Number of protein chains: 2
Amino acid sequence: MRSSQTRTAVLGALSIEPMTGYAVREAIRGTLGHFWSESFGQIYPTLAELERDGLVERQGGARTGSSAFALTAAGRTELRALLAEPPQPGAPRNGVLLRLFFGRMLGPDACAELVRDARDRAEQQLTALAAARADHDHVEHVEDSPYWLLTIAAGEHAARATLAWADEALTTLGALTAGEAGPAPSDD
Amino acid sequence: MRSSQTRTAVLGALSIEPMTGYAVREAIRGTLGHFWSESFGQIYPTLAELERDGLVERQGGARTGSSAFALTAAGRTELRALLAEPPQPGAPRNGVLLRLFFGRMLGPDACAELVRDARDRAEQQLTALAAARADHDHVEHVEDSPYWLLTIAAGEHAARATLAWADEALTTLGALTAGEAGPAPSDD
DNA sequence: CAGCTCATGTAAAACGTTACATGATTAC
DNA sequence: GTAATCATGTAACGTTTTACATGAGCTG
């Protein structure tokens, strides 16, 4: 069985409305993309599994391309059960901080570059989230709305934290560069 | 070849000082643990590879247990090169937000529980980071110090952002619960 | 001498990404 | 009609985790 988290994501997408596999992929890349991802090659096998287990079923002819999947009653129950399971926090892996930690080997300037890039990404993230908020206004799923806003807010808080940290870090790194180029380094 | 990021982490750890494989593992779990992780079974094979490639070498007898690994000149060069490579941002996977997004299926109370747990973890994180800061004061590696503080600050910003978001979210969810229990739910 | 921590590794299984392969439908 | 997009899947590959297996050295 695929990881239960992948099943959760796919079942969850289908809980919004019946979709083709392709649409599930787009939903995960688009709407869930701010906090979740599934690779292409996971989604179809997972759907096949879910169908075998009677958690989803095809609507419309399976013959000609597009056949949307819909949750069955069992699927709805399973989704609730999966959502109730404690989230398994993924192991942290932050490439920027890994590099920064060994920043002595890179020098302050290269580190500053790294931080500026991270800052840019956070700003783009904020723009994307603002767009998601706007999209959200004319959404028909009123019951989902408050929960979706919660996830958007989480992204915004995280992005703003990155911005604040980056600005602080750039100041620190600037001082290091100046210190290096300026007065003679008196001690080691 | 193992992923270059694993190599980076292992070479990086050895750049601080020569260590046994076991100590590398402890260093990655401990000091780097706030932003990086490597599983147990990665470290020894990676060390073996690095030794084969002449990037690290054993110090002390390989016979009786403890043999520390040290970076060679080539290893130092390779580490610099790896650090200069652009960080490959990992795909986001936030189990809490995944569950919250489908919160309608869970109900406001279970969601609030989820958020409180996330808040608790953030608070524990802040405590751990404060301890790391304290540890840090009596560190002998003065050159590394400013970079290490940068990574600690990043963790603190992120954790505080989580706290702020969680408090906001709990208010929202509280209103949802109240709304549900209060006036009759008029539509579906 | 029993149990803990230090220490080193291997093997199997699970997980996930990427590339490949194919065809239908729709828009220009 | 031809290019883009929608749609469905498979296979190979690489990565990561987990469990297993072993033994030295120190502590109570």
Side-chain angles (χ1 to χ4, degrees), chain A residues 1-10 13-14 17-30 32-33 36-52 56-70 82 88-95 98, chain B residues 1-10 13-14 18-30 32-33 36-52 56-70 82 87-95 98:
Chain A
M1 194 199 295
R2 310 272 144 179
S3 86
S4 56
Q5 306 235 90
T6 297
R7 296 182 136 225
T8 307
V10 172
L14 293 177
E17 59 185 359
M19 283 182 223
T20 66
Y22 188 85
V24 170
R25 178 209 181 191
E26 291 303 299
I28 289 178
R29 268 205 347 186
L32 306 197
W36 199 257
S37 74
E38 289 297 341
S39 77
F40 193 72
Q42 293 277 89
I43 291 172
Y44 283 109
T46 300
L47 276 171
E49 247 178 34
L50 292 173
E51 192 183 17
R52 221 182 38 231
V56 305
E57 60 187 7
R58 284 176 203 262
Q59 296 183 321
R63 283 170 295 177
T64 63
S66 78
S67 58
F69 290 91
L82 286 173
Q88 28 204 48
R93 284 204 137 192
N94 186 323
L98 179 65
Chain B
M1 193 199 297
R2 309 272 145 184
S3 86
S4 55
Q5 306 234 94
T6 297
R7 285 164 81 98
T8 307
V10 172
L14 294 177
M19 285 181 222
T20 66
Y22 188 86
V24 170
R25 179 210 182 189
E26 291 303 299
I28 289 178
R29 268 208 345 188
L32 306 196
W36 199 257
S37 74
E38 289 297 340
S39 77
F40 193 73
Q42 293 276 89
I43 290 171
Y44 284 108
T46 300
L47 276 170
E49 246 178 33
L50 293 173
E51 192 183 17
R52 220 182 39 230
V56 305
E57 61 188 7
R58 282 175 203 264
Q59 295 183 322
R63 282 169 296 176
T64 64
S66 78
S67 58
F69 290 91
L82 286 173
Q88 31 205 49
R93 285 205 139 191
N94 185 322
L98 179 65

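Per chain, numbering begins at 1; letters A, B, ... match sequence-line order. What you see is a predicted model; the values in this text were computed from it and never measured.
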Closest listed nucleotide, where the reference is the side chain of [X] and the choices are [options]:
{"X": "A:Tyr22", "options": "D:dC6, D:dT18, C:dT8", "answer": "D:dC6"}
{"X": "A:Ser39", "options": "C:dG16, D:dT10, C:dA7", "answer": "C:dG16"}
{"X": "B:Gln42", "options": "C:dT5, D:dT17, C:dA19", "answer": "D:dT17"}
{"X": "B:Thr6", "options": "C:dT17, D:dT16, D:dA7", "answer": "D:dT16"}
{"X": "B:Ser67", "options": "C:dT8, C:dA19, C:dG9", "answer": "C:dT8"}
{"X": "A:Tyr44", "options": "D:dT8, D:dT17, C:dT17", "answer": "D:dT8"}

Identify whether the distance between the nearest side-chain nitrogen and carboxylate oxygen of B:Glu38 and A:Arg93 falls below 4.0 Å.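 Salt bridge flag = yes for A:Arg93 with B:Glu38.
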Applying a 4.0 Å non-hydrogen cut-off, can you work out what A:Gly21 is touching in the nucleic acid: base, sugar-phosphate, or nothing?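 Sugar-phosphate, backbone atoms only, no base.
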Taking any heavy-atom pair under 4.0 Å as a contact, classify A:Arg25: base, sugar-phosphate, or nothing.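 Counting heavy atoms under 4.0 Å across all strands, no contact is made by A:Arg25.
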Evaluate the side chain to side chain contact (heavy atoms under 4.5 Å, CB included) criterion for residues A:Arg25 and A:Tyr44: first the C-alpha distance (whole Å), next the side-chain angles of each, then the deciding distance (0.1 Å), finally the verdict. CA-CA 9 Å; A:Arg25 178 209 181 191; A:Tyr44 283 109; over 6 Å; no
Can you measure [X] atom [atom1] to [N] atom [atom2] for me and round it to whole angstrom units?
{"X": "A:Arg93", "N": "C:dT17", "atom1": "CZ", "atom2": "P", "answer": "13 Å"}
{"X": "A:Leu50", "N": "D:dG9", "atom1": "CG", "atom2": "C1'", "answer": "16 Å"}
{"X": "A:Gln88", "N": "D:dT16", "atom1": "CD", "atom2": "P", "answer": "17 Å"}
{"X": "B:Met19", "N": "C:dA7", "atom1": "CE", "atom2": "C1'", "answer": "15 Å"}
{"X": "B:Phe40", "N": "C:dA14", "atom1": "CZ", "atom2": "P", "answer": "21 Å"}
{"X": "B:Ile43", "N": "C:dC6", "atom1": "CD1", "atom2": "C1'", "answer": "14 Å"}
{"X": "A:Glu38", "N": "C:dT17", "atom1": "CD", "atom2": "P", "answer": "7 Å"}
{"X": "A:Arg7", "N": "C:dC15", "atom1": "CZ", "atom2": "P", "answer": "11 Å"}

Considering heavy-atom distances to DNA chain C, does B:Pro45 or B:Ala23 have its closest nucleotide positioned more toward the 5' end?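 Result of the comparison: B:Ala23.
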Using 0.5 Å steps for rounding, measure from the CD atom of B:Glu51 to the OG1 atom of B:Thr46.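 It is 13.0 Å, given to the nearest 0.5 Å.
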Side-chain heavy atoms of A:Leu47 within contact of A:Leu14, under 4.5 Å: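 In contact.
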Does any non-hydrogen side-chain atom of A:Phe69 lie less than 4.5 Å from one of A:Gln59?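 A:Gln59 does not reach A:Phe69 side chain to side chain.
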side-chain contact (heavy atoms from CB on, under 4.5 Å) against A:Glu57, all qualifying residues, sequence neighbours excluded: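 side-chain contact (heavy atoms from CB on, under 4.5 Å) check on A:Glu57 returns A:Thr72.
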Using C1' atoms of five pairs at each end, report the bend of the helix from C:dC1-D:dG28 to C:dC28-D:dG1 rounded to 10 degrees.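 Comparing the axis at each end, I get an angle of 30°.
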Over all atoms of both residues, closest heavy-atom pair of A:Arg7 and A:Leu82: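 Smallest interatomic distance, heavy atoms only, reads CB-CD1, 4.1 Å.
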